[in-house]
Amino acid sequence: MKHPIDHIFNQHLQQYEVHPSVDAWERLNESLRKKKEQKIKLWYSIAASLLVVGISSFIILSKQPSGTQSFTNDAAISEIEKTVLPEKPSPEESVPVIIEKSKTNTSKDDALAIIKAVKPKQENQANQKVQKEQLSEIPQKLENLQASISSDLHISNDVKMIAAVGVIPSENAKSNTIFDKITNTALEIKNSNGVMAEIRQFKDEVISLEFFKTKKSI
Amino acid sequence: MNLHIYTSEDQLIEGCKKNEPTAQKMLFDQYAAQMLGICRRYINNTHDAECIMIEGFTKTFEAISKFRNEGSFEGWLKRIMINCCLGYLRKNKSLSLQVEISEAGALYDETIGDALEKEDLLKMIDRLPTGYRTVFNLFAIEGYSHMEIAEELNITVSTSKSQLNRARNLLQRFIQETVVNKRITTVKQ
């Protein structure tokens, strides 16, 4: 049951009406118009910011493809260099490398063989072109590599001259490196008239005889 | 200029959803007085009450696309108006609620209401402190429960109850004063 006070007020004021002023609708209309303008401004600002984002992203994306291309090329070259080109050895690794090179008589043909082995890995035409370019550089790089290895081994020019011409340099010009000493000793043995020289001469004769025999049989 | 004939409230609401000014004007004309009456009960001056009513209609027309015809439009509109009034009272910090509890007087003359006019009762409500007035309006006239009032005003249920009792006590006193004054005036005449 409703409280008497509540009942009195509810009964009289439930449908209580107050007529608004004459300009109330105009004020409401003005308020609605302002809200509409605010909405339009909001949409314009959203559209403008989207346009700015769109233009800036277009500029960024239109610049990016050339950058991406060069990056791709760089990546491809570095990949090829990893797989195709021999790495420059460190001084510690230089001796085994030079032995291997001398054994296999590394030349352009060997480099080609390496490339052929690697070739199946290359999938597209563009990469193959780059490989060919790299391939042409390989002999030069190998020479450079050998030069660097020899320099790393401290082989003196005198020893190189002995190896090439077979002439013993003067005492003053002799180097002190171990490799030089070994080479010099070997040359002394070769040019001397001692027992070792006779043995060596005999060995050379045997080798040459075997060579001629095999040649005849072929 | 396009002329539209709205034969039902649903058509009027549909017109408002399409932002048709004619429909908006018709809806405003239909409900403005009633809604201003509600606002006037919560806010004790007509000018501010009208401003709040205009704000309420603006919000209504903005949000009318969300109205799904599931309940009565009038109820939905009333709710918006009441929320606008409560927002105004909160904003102006006039919604100070006293926690003082006092019991209402036990005796009421039920025939006393017949001697009172609507304007007299509105004046009595206007004289109430804002907190009392708000709780009394929500409970006695809108039919809110104490739980709903507590949630709406962010107060406890006991505070809502105490505010209502205080309001009733004051209103009883105002009624007695008004009735006595009226009798004196009648005798003088």
Side-chain angles (χ1 to χ4, degrees), chain A residues 1-69 71, chain B residues 19 21 24-25 28-29 31-41 46-47 49-51 53-62 104-105 107-122 124-125 136-137 139-143 164-165 167-175:
Chain A
M1 189 185 164
K2 233 176 170 59
H3 192 281
I5 296 286
D6 297 0
H7 179 73
I8 293 166
F9 281 87
N10 186 281
Q11 200 181 6
H12 287 84
L13 296 179
Q14 177 68 270
Q15 295 301 320
Y16 178 70
E17 290 186 0
V18 179
H19 287 282
S21 58
V22 184
D23 66 335
W25 166 249
E26 291 302 319
R27 284 160 64 196
L28 172 62
N29 226 359
E30 182 66 17
S31 168
L32 287 170
R33 194 184 59 77
K34 277 182 184 171
K35 291 271 179 184
K36 206 180 243 180
E37 276 179 7
Q38 280 176 356
K39 265 188 183 178
I40 290 167
K41 276 181 188 173
L42 182 74
W43 281 112
Y44 269 119
S45 58
I46 290 167
S49 49
L50 282 174
L51 196 72
V52 167
V53 169
I55 289 167
S56 51
S57 52
F58 173 76
I59 290 164
I60 292 162
L61 289 172
S62 61
K63 279 183 181 176
Q64 212 166 11
S66 57
T68 314
Q69 190 66 34
F71 172 75
Chain B
N19 283 322
Q24 288 175 340
K25 175 80 166 71
F28 175 78
D29 289 343
Y31 288 106
Q34 193 186 342
M35 295 307 130
L36 185 55
I38 291 170
C39 295
R40 183 63 187 79
R41 275 195 280 112
T46 309
H47 180 262
E50 196 174 272
C51 288
M53 180 205 67
I54 288 167
E55 188 193 321
F57 269 106
T58 310
K59 283 185 178 173
T60 304
F61 290 136
E62 278 185 327
L107 296 169
Y108 298 98
D109 183 357
E110 289 189 12
T111 57
I112 210 166
D114 299 336
L116 295 166
E117 298 291 325
K118 282 182 183 178
E119 295 302 325
D120 297 327
L121 295 170
L122 189 70
M124 289 174 205
I125 285 186
F136 183 78
N137 266 318
F139 186 88
I141 301 173
E142 302 337 323
L164 179 68
N165 281 332
R168 280 171 180 165
N169 279 346
L170 280 173
L171 287 171
Q172 189 190 356
R173 208 173 76 198
F174 296 155
I175 287 169

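Just so it is clear: chains get the letters A, B, ... in the order the sequence lines come, proteins before strands, and each one is counted from 1. Values reported hereafter were calculated over all heavy atoms of this structure, with side chains retained and with hydrogens, waters and symmetry mates removed. Model, not experiment: these values are computed from the prediction.
- With sequence neighbours left out, B:Phe174 forms a ring pair (Phe, Tyr, Trp, His ring centres under 6.0 Å) with no residue at all.
- Taking CD1 from B:Ile38 and CG from A:Leu13, the interatomic distance works out to 11.0 Å, rounded to the nearest 0.5 Å.
- For residues 16-50 of chain A, every residue pair satisfying the ring pair (Phe, Tyr, Trp, His ring centres under 6.0 Å) rule, not counting sequence neighbours, is listed here: A:Trp25-B:Phe28.
- Scanning residues 30-40 of chain A against chain B with a 4.5 Å heavy-atom cutoff picks out A:Ser31, A:Leu32, A:Lys35, ordered by number.
- Residue B:Glu55: no heavy atom, backbone or side chain, is found under 4.5 Å from chain A.
- If you measure heavy-atom distances from B:Cys39 to chain A, you find no contacts under 4.5 Å at all.
- The nearest pair of heavy atoms linking A:Leu28 to B:Ile54 is CD1-O, 3.6 Å.
- The two residues A:Pro20 and B:Met53 make their nearest non-hydrogen contact at CB-CE, 4.1 Å.
- Taking the side chain as every heavy atom from C-beta outward, A:Pro4 and B:Arg168 never approach each other to under 4.5 Å.
- Residues A:His12 and B:Leu121 come closest through the heavy atom pair CB-CD1, 3.1 Å.
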TODO: Give the C-alpha distance, both sets of side-chain angles, the deciding distance and a yes or no for side chain to side chain contact (heavy atoms under 4.5 Å, CB included) between A:Ser21 and B:His47.
DONE: CA-CA 9 Å; A:Ser21 58; B:His47 180 262; over 6 Å; no

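- To the nearest 0.5 Å, atom CG of residue A:Asp6 and atom CG of residue B:Leu171 are 9.0 Å apart.
- Checked against side-chain contact (heavy atoms from CB on, under 4.5 Å), A:Gln14 has the following partners two or more places apart in sequence or in another chain: A:Asn10, B:Lys78, B:Ile141.
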